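Convention: sequence-line order gives letters A, B, ...; per-chain numbering from 1. Predicted model only: the values in this text are computed from it and were never measured.
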Amino acid sequence: MALTKCANDHLYDSDLYPSCPYCNGGGNAISFDGPGKTTPLGNMGGGSPDPIGQPAPDAFASVEPGATVAPAGYRKRQDDDNKTVSVSRKKTNLEPVTGWLVCIDGPDKGRDYHLYDKQNTVGRGEGMDIRIEGDKTISRDRHARIAYDSRHNNFTLIPADSTNNIYVNDEPVYIPRKLDAYDCVEFGESKFVFVPLCCPRFTWADGLVPAPKEE
Amino acid sequence: MWPFSHKEPAEDTAPNTPTPRLLSYQAANLQGIGARARQEDSFLIVNALDVTEMKNKGLFAVVADGMGGMKDGKIASETAISCLRGEFAEFDRDGDIAEQLRRAVVKASAQVLSRLGGDGGSTVVACIIFRERLYFASVGDSFILLKREGHLYRLNREHTYRNQLYLEAIRDGSMDPEPAESNPEKAALTQFLGMDGMNEVDYLRSPFPLRENDALLICSDGVGGVLTDGQMLDYLGRATPTEACAAIDEEIRRQGRKHQDNYTALCIYCGY
C-alpha cells in the first residue's frame, strides 16, 4: 500500500493504480490545473466574495450570448432515478406575487421583497417569507406579518414577536393595521415602502381594470 | 489556564507533566459511479499526506455532488471544487476561518451560477481541520458525520424541501410531519451552489474541538442516503480510514441498487 496524492488532491494507492483512478473517470470529467493555482473558469470575472443572497453583479452579464439561462420560475422535479434535483418553492410553484416591500433605508437599501397571497412572515432568520438579513435589530423569527386578503383585496400589517416597535408613516403600530400604497413601514433600523400589485386596478382573479376616466 | 505551555522552563515542569501532543489525522477517500452513466460527484483532500502543511495550513476536505437532474452536474461540482481549492490556499490562517470558509462557499456558488447560468448546480460539504478544530460549511443534501465515543452525529442540516415543510409544520403549530413525508418533491433541494438567489449556508460560526478517536465521514447522498446509521458507525470503527472506505464501497456494491447514485466518501480519523 502506497498512499499517493494526485494533482487534483485525490488519494489513491499507487501500488494498485498507475495513475489516479478518480481523475477523468468515464471520460466525462474535466481536468483543472493542480492545487495552489487559482484559475478563473470560462470568462468569469474574479472579484471579491459576494454577500449571501446577492449574486455577483457580473454573474449574469458574463453568461455567453445564446447560453441557456434558466427562466425565473425554473423547476426541477425529482426523477425516478433519485438524481439530485432542485426546487425553489415560491418561485417554482409560480405563486403569483401580490405586492412588494422595497427597502429604502437601512443595510439592505435597494432590495425588494415579494409579498404573496395570505400570510407573509417578516424576520431575519431562515424560513421567513420576507427575510431581511442585514438588519440585526430585526427579530430572527416573526418580527411581523403582512397578510394579503384576496377576498377583500387588501393588505394588513400584523405586529408579531418583535421587541422593537414597528412604525408606519412614523406612527407606532401595536395592533393590525391596513396598509396603503406607498406607506412607509419601519422594522428595526430599516425603512420600507409598501408597493401593492393587487389593488383596485388589478387582481389575479379579475385582471387589469381600465383606469377610471377623468371628468 | 492552558496547562501545557511551551514557554515554561523545563526545570519548572513537574516530572509527570504530560508533554503537549497535537492530534494527527489520517484520511482516505472513495468514489464510485454507482448505476449512473456518468460520475458527477467531485472531491478533494488537501494536505492529507503532508504533515507540515497540514499543521501550518490545515487539512481541507470537500465533497460536491453535481446535480444530475440539471444541465451538467460534473461541470458544476468541478467548478465548485476548483474555486474552493483556490480560496483555501489564500485563507488568512490568523483570521476568522469560519467566515472565510462561508465566503468561499458563496463565491463558489457565484462561479457555478456564472458558468451554468442557474441551470446547473452542486451540493457541497467543505471542511477544514486546523489547530485541532473542525470548521465546515454545507449547502444541499450531502453529509458530514462525526463518530465520537460510539455514537454517530450528523453535523449539518439538509437543505431539502422536506426540511422546509417540517419547519413550516412547526411554525404553524400543526406539528404534522405527514405533508412533508407525502410530498413528491420532498427530496428536492431548496439550496444549492449555482442557484440564483442561494441564501443559506449551513456552517459553524465557531469551530468544533476534535478529540482523539473522533472519526469524520464526509459523503454524498449516494453513501449517506444508502447506508444506515448503524452501518456507518460500524465502518467508521474499522482500524484505518482506508479500511472504512473499503467497507463502505463493499456494502454499496453488495446492495447493488438499481438506481444507485454516484457515491463519494472521505474518512478522516483523529488520533495521536
Subject >> Atom of L3(A), atom of A27(B) and distance for their closest heavy-atom approach >> reply: CD2-O, 3.8 Å
**OP:** Could you pull out the closest heavy-atom pair between I45(B) and L11(A), with the gap in Å?
**Re:** CD1-CD1, 4.0 Å
Subject >> Spatial distance of atom CD (Q31(B)) from atom SG (C20(A)) [nearest 0.5 Å] >> reply: 9.0 Å
Original post:
Side chain, backbone, both or neither: which part of A28(B) has a heavy atom under 4.5 Å from chain A?
Top reply: backbone
Original post:
Contact part of R157(B) toward chain A, heavy-atom cut-off under 4.5 Å: side chain, backbone, both or neither?
Top reply: side chain
**OP:** Heavy atoms only: give me the nearest H10(A)-F43(B) pair and the separation to one decimal.
**Re:** NE2-O, 3.1 Å
Original post:
So, does R142(A) use its side chain to make a donor-acceptor pair with the main chain of R171(B) at under 3.5 Å?
Top reply: yes
**OP:** Below 4.5 Å from any heavy atom of chain B, which atoms of T121(A) appear? Answer side chain, backbone, both or neither.
**Re:** neither
**OP:** Check Y22(A) against L30(B) and note the closest heavy-atom contact, atom names and distance.
**Re:** OH-CA, 3.8 Å
Subject >> Residue L208(A) excluded, over 12 heavy atoms near CG under 6.0 Å >> reply: yes
**OP:** Under the salt bridge (charged side-chain N to carboxylate O under 4.0 Å, His left out) rule, collect the residues that match up with R238(B), sequence neighbours excluded.
**Re:** D234(B)
Original post:
In chain order, what residues pass the salt bridge (charged side-chain N to carboxylate O under 4.0 Å, His left out) check against D13(A), with sequence neighbours excluded?
Top reply: none
Original post:
Side chain, backbone, both or neither: which part of S77(B) has a non-hydrogen atom closer than 4.5 Å to chain A?
Top reply: neither
Subject >> Part of A61(B) within contact of chain A (heavy atom distance under 4.5 Å) >> reply: neither
**OP:** Can you establish whether the number of heavy atoms outside E250(B) located under 6.0 Å from its atom CD is more than 12?
**Re:** no
Subject >> Reference residue K5(A); test side chain to side chain contact (heavy atoms under 4.5 Å, CB included); the match among L49(B), V46(B), D50(B) >> reply: L49(B)
Original post:
Can you list the residues that meet the ring pair (Phe, Tyr, Trp, His ring centres under 6.0 Å) rule with Y263(B), with sequence neighbours excluded?
Top reply: none
**OP:** With rounding to the nearest 0.5 Å, note down the distance linking CG in D9(A) to CG in N47(B).
**Re:** 8.0 Å
Original post:
What residues of residues 147-161 of chain A sit under 4.5 Å from chain B when you count only heavy atoms?
Top reply: none
Subject >> Heavy-atom contact with chain A under 4.5 Å, split by part of N163(B) >> reply: neither
